[in-house]
Each structure stands twice: as structure tokens, then as C-alpha cells.
Protein chains: 2
Amino acid sequence: MRVGELSRRSGVSVATIKYYLREGLLPAGERTGPNQAAYDDGHLRRLRMIRALIDVGGLSVVATRDVLAAVDDPDLPLFQALGRASGTTTTAPDAAEEQDEAWNEGERMLAEQVDERGWQVSAENPAWATAVGVLATYVRLGDADLARQLGLYMRTMEEVARHEVAAVVDRGDRARTVEGVVVGTVLGDTLLAAVRRLAQQHCSLRLLGETPPDPEG
Amino acid sequence: MRVGELSRRSGVSVATIKYYLREGLLPAGERTGPNQAAYDDGHLRRLRMIRALIDVGGLSVVATRDVLAAVDDPDLPLFQALGRASGTTTTAPDAAEEQDEAWNEGERMLAEQVDERGWQVSAENPAWATAVGVLATYVRLGDADLARQLGLYMRTMEEVARHEVAAVVDRGDRARTVEGVVVGTVLGDTLLAAVRRLAQQHCSLRLLGETPPDPEG
DNA sequence: CGTGAACGGATAGCTCTACTGTCCAAAGCT
DNA sequence: AGCTTTGGACAGTAGAGCTATCCGTTCACG
């Protein structure tokens, strides 16, 4: 198919498809002439993934490009492609921030918990800096007791991750597998956050007896 | 204190403080003359919160304004202020999207699980639409089996929410409590996502035996 | 074979967000 | 008195994410 059909079938405008081609999110079509190219179902699938990562996952165009590059790299260990994803999701802290007291306190908290739970993680994982940054922010805001939730978060996320990783091993096609992992991870963040809000509503109704927001009419 | 000191103590430039005042994120200082105003520690705390929500939580300026407005509204039930927060975090789906098959499928999945777990949540909660949107996206991408993780997510987030809600009830000052809840919820999303990445790395090393990314030198 | 739409490629322009800079007259400090 | 700072208004800026236009093919159809 050519770009017009790709546009019609994906719901993405031709101009935007051209933009994604320029930015390297979408691989070029197969050349069929000096200035003609053909696209296939792979391009269509890729395009739908791009829109999902951007619209639903909230990734930037650059982050999306990097994540997809990791998907396409056959040498990258599976979940490492994902560290890549998370690194592009959250902005890296500037060097200045890493030198203050709250940062050290946050890092201490995380290291302690990681050690206690016997997690095998590398400090190079961008998620490490992100987590420390959040904990440091709690400390700076004087809500350090919020950081006590860290143990709970680690316990529950370990269970989530165990299931997610287990659900992935039995697949065949690597490309499809990686795609599934990326989508599951990026969109999973959004889904988890939404489910958390629903759970909070449920639990606050249960425990605090706040009036339900439903006006019943 | 006046704006210069507020700037020095918060690390936010005077120009940006003026901008936040204009945009209604920061309440005006107490007038001490026709063109003079005084700010207090409350302003400083608020300013730090604004930076945390924007920089760490990833909220937009407008979303931050809305969340803070909910914090300031004494009539709003506690965790409903939060639904407000999540509503501004994720963009609402356009009406067109809600009419397609994948959307209905997603809504069916969520409703079934919510019913099964006996959750008391209202469909007006913006998190509902967000969750359905993610599930619908899974369906559209042909990764509907990812949606099977929904039960897992709901189970774990219920535990997280139960602890979070319980940790909140014993506080005294309502304003401080709401602040803590907002910070905990918004930054908690970021922290949970980062912890999930670390857990995924840990679990994938454990289960799949992928080589650790640490180059050891 | 002619003709009008669609194509790829390049480049310029647009809208929105989140600031940043400049100017002003009136305080404030010293 | 003289320099800085203030509150307030408003213009300008940089980057993100498209969108529009132009150009010289190329294709599809009569």
C-alpha cells in the first residue's frame, strides 16, 4: 500500500506520517521507484503502536523513537529495552540535585529496601534515579513518612513484575514479544495509575465513609 | 518576606513566581501597600509543592492549578480531590473514540472485574475512562491478552490503596492531610512506575537469566 | 496518450506550553 | 538622594508536535 491507504487505515494524517518517517519513528517503505515506496501491515502495526505510546502512554515523540529503536535492536536483552523506555519517560535529574542531603537520604532509603528484599538491580537503571528523585522530593517536602510506603510499593510491584515476566517467556516470535512487553510496560503505567485511583475511591468509601460522588440523578 | 526572598529560598526565579501568581497556582501575598505584598511560609511550601508536582509528578501547569484548587476546597471529599488530579493527568478520550467496538470491549472487561471484586466506584471517576481507554488500546493492538493482567493490577492496587487510605485517617490538620494525599498520589504514580521497572529488572534476571546490564568495570 | 489526482521529499509555518525579559512608576533601604 | 527592589502588565522566546505548501514525478483511468 502507499501512504494514502496507510493514512486511511490508521487514522493518522499523511502529513503526520511523513513527519514520523522524518523523525525515524516509522521505517521507510520499500522503494518501488525513484520516488515511490510501498508500505505493509508492519508499518500499519507500527503506526498504531506509535499512537498508543504517545496518546495513551504519554510518551514524547523522541521517547517513542528511542523505545521503538530498542524494540528493533535484536541484541538488547528483553527487559533492558524497557529500562530504556523508562529512562526516556522521566527526565534525568540534573547533577546539582544529586549532591544534596535529601537526595542522599532518598538513596539510602531505596538502597536499604533493595538490599532487604534481595533485589538484583543496577544503579545504572534509569528507574533507580527516578525512584531516588521521588523519595528525595518527599523528604524535601517534609512528607518523609510517605516514603514509608516504599516497602509496600516494592512488595506489590515485585508481585506484578513476577507475573508480567512469567507471562512473557512462553511466546515464540521475538519481535512480537518485545512489542508486547513494551506496550504492556508503557501502557501498564497508565493503567496501574488509573486502577490505583479507582482503588483509592473504593477504599476511601469503605474506610472513611465519604459520601459517594454519584449524585444519583 | 517579599518576592526576592521567596525566590531565593525556593530556587524559583522571580519571573516564574510572578507567572505562577498570574496563573493562579500561587495565592497572592498579603498586601502591605498599594504596590507591595508579603509572602509567608505557606507560600514557600506551596511553591515547593508546585515544583514537585510539575517536575517530579509530570503534571502540566494547568493540571497543577486544578489539583491545588481541589486541595484548597474544604468541601471536597478527600480522595475525590484526587480523582480531580487524575482527571487532569490524563487527557479525556474524545467522544468519537467511545463509540467503537474496542472501547466497549474494554469497558466490559473493567466492569466485569470491578463487579467481581465488589468495588464501589463511580463511572464518573475520570480514572474509569482512562482505564477503559488503555484496555481498548490493548484490544486494538491485538494484545488483548495483556488485558488479563487487569485482575492482577486491581488486586495489587487494592492492597496499595488500602494501606494508603489507612495511613491518612489519623492525621489532624485537614489542609496538611490533603496536601500529603495529593503529593503521595501524584508522586506515587511516578514512584510506582520506577519501582515497577526495578522489579521487572530483578524478576527478569531471576527468571530469564538475562545477563545483567552492569559491565563490571 | 493525455490529464488529473496522488506521491515522495523538502521546507516553512502554526499552535500551544512554560517560561523569560523588559518596562514602568511606586516603594524601600541606606 | 540615589540605588535597588517591588508589583503589574505585556511582549518575546524556545521547544514540541504537528500542518501546509510547493515541486517535480508517477500512477490510474478514460
Side-chain angles (χ1 to χ4, degrees), chain A residues 1-40 43-44 47-68 88-92 94, chain B residues 1-40 43-44 46-47 49-68 88-92 94:
Chain A
M1 80 188 91
R2 291 186 309 175
V3 82
E5 190 180 346
L6 188 61
S7 168
R8 240 173 302 110
R9 290 224 265 159
S10 64
V12 178
S13 76
V14 172
T16 301
I17 291 174
K18 286 182 176 184
Y19 169 63
Y20 290 156
L21 285 165
R22 275 200 308 281
E23 296 296 313
L25 280 79
L26 198 59
E30 200 194 344
R31 308 306 306 263
T32 62
N35 63 348
Q36 293 285 297
Y39 306 92
D40 56 23
H43 289 92
L44 184 58
L47 203 42
R48 288 205 243 259
M49 231 179 117
I50 292 169
R51 296 312 314 192
L53 294 178
I54 290 176
D55 292 343
V56 185
L59 295 196
S60 69
V61 167
V62 176
T64 304
R65 194 230 295 131
D66 294 350
V67 168
L68 292 175
T88 52
T89 306
T90 58
T91 46
D94 39 1
Chain B
M1 79 188 91
R2 291 186 310 175
V3 82
E5 191 180 344
L6 189 60
S7 167
R8 240 174 301 111
R9 289 224 266 160
S10 64
V12 178
S13 76
V14 172
T16 301
I17 292 174
K18 285 182 175 184
Y19 168 65
Y20 290 156
L21 285 165
R22 275 201 305 282
E23 296 298 312
L25 279 80
L26 198 59
E30 201 194 341
R31 307 308 305 263
T32 62
N35 63 346
Q36 294 286 297
Y39 305 93
D40 55 24
H43 289 93
L44 184 58
R46 169 63 65 106
L47 202 42
M49 230 179 118
I50 291 169
R51 297 310 315 189
L53 295 178
I54 290 176
D55 293 341
V56 185
L59 295 196
S60 69
V61 168
V62 176
T64 304
R65 194 229 297 129
D66 294 351
V67 169
L68 292 175
T88 52
T89 307
T90 59
T91 46
D94 40 359

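Note that the structure is a prediction, hence the values are computed from the model and not measured. Lettering of chains follows the sequences in order, A, B, ..., and the numbering in each one begins at 1.
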Engineer: Check every atom of D:dT19, C:dT20, C:dG8 against the side chain of A:Lys18 and return the nucleotide holding the closest atom.
Structural biologist: C:dG8

Engineer: Can you tell me which nucleotide in C:dG21, D:dC18, C:dC19 comes closest to the side chain of A:Val61?
Structural biologist: D:dC18

Engineer: Using whole Å, what does the distance between atom P of nucleotide C:dC7 and atom CZ of A:Arg31 come to?
Structural biologist: 14 Å

Engineer: Kindly say if A:Thr16 contacts the phosphate of D:dG17, meaning a side-chain N or O under 4.0 Å from OP1 or OP2.
Structural biologist: no

Engineer: Nearest to the side chain of A:Gln36, which nucleotide is it out of C:dA18, C:dT20, D:dC27?
Structural biologist: D:dC27

Engineer: How many whole angstroms separate atom CD of B:Glu23 from atom P of D:dG7?
Structural biologist: 18 Å

Engineer: Could you pick out which residue, A:Pro34 or B:Tyr20, lies toward the 5' side of DNA chain C when each is mapped onto its nearest nucleotide?
Structural biologist: A:Pro34

Engineer: Expressed as a whole number of angstroms, how long is the span from A:Leu21:CG to D:dG17:P?
Structural biologist: 17 Å

Engineer: Go through the structure and list residues passing side-chain hydrogen bond (donor to acceptor under 3.5 Å, both in side chains) with B:Arg51, not counting sequence neighbours.
Structural biologist: B:Tyr20, B:Asp55

Engineer: Between B:Tyr39 and D:dT6, does any side-chain N or O lie under 4.0 Å from OP1 or OP2?
Structural biologist: no

Engineer: Among C:dC19, D:dC18, D:dT19, which nucleotide sits nearest the side chain of A:Ala15?
Structural biologist: D:dT19

Engineer: To the nearest Å, how far apart are A:Leu25 CG and D:dA16 P?
Structural biologist: 13 Å

Engineer: Is the shortest heavy-atom distance from the side chain of B:Thr64 to the side chain of B:Val67 under 4.5 Å?
Structural biologist: no

Engineer: Using whole Å, what does the distance between atom P of nucleotide C:dG28 and atom CG of B:Asn35 come to?
Structural biologist: 8 Å

Engineer: Round to the nearest Å and state the distance from B:Ile17 atom CD1 to C:dA18 atom P.
Structural biologist: 18 Å

Engineer: Heavy atoms only: give me the nearest A:Gln36-A:Arg31 pair and the separation to one decimal.
Structural biologist: O-NE, 3.2 Å

Engineer: Which part of the nucleic acid, if any, lies within reach of A:Ala37 when heavy atoms closer than 4.0 Å are counted: base, sugar-phosphate only, or nothing?
Structural biologist: sugar-phosphate

Engineer: Run the side chain to side chain contact (heavy atoms under 4.5 Å, CB included) check on A:Leu68 and A:Met49 step by step: do they pass?
Structural biologist: CA-CA 9 Å; A:Leu68 292 175; A:Met49 231 179 117; 3.9 Å; yes

Engineer: Just how far, in rounded Å, is P of D:dT19 from CZ of A:Arg22?
Structural biologist: 12 Å

Engineer: Between D:dG17, C:dG8, D:dT26, which nucleotide has the shortest distance from any of its atoms to the side chain of A:Val3?
Structural biologist: C:dG8

Engineer: Whole-Å distance between C:dC7 P and A:Arg8 CZ?
Structural biologist: 8 Å

Engineer: At under 4.0 Å between heavy atoms, what does B:Gly33 touch on the DNA or RNA strands: base, sugar-phosphate, or nothing?
Structural biologist: nothing

Engineer: On DNA chain C, compare the nucleotides closest to B:Arg2 and B:Tyr19; which residue's is nearer the 5' end?
Structural biologist: B:Tyr19

Engineer: Using only atom types and a distance under 3.5 Å, with no angle test, would you say the side chain of A:Ser7 pairs donor to acceptor with the backbone of A:Val3?
Structural biologist: no

Engineer: Respond yes when some side-chain nitrogen or oxygen of A:Ser13 is under 4.0 Å from OP1 or OP2 of D:dT19, and no when none is.
Structural biologist: yes

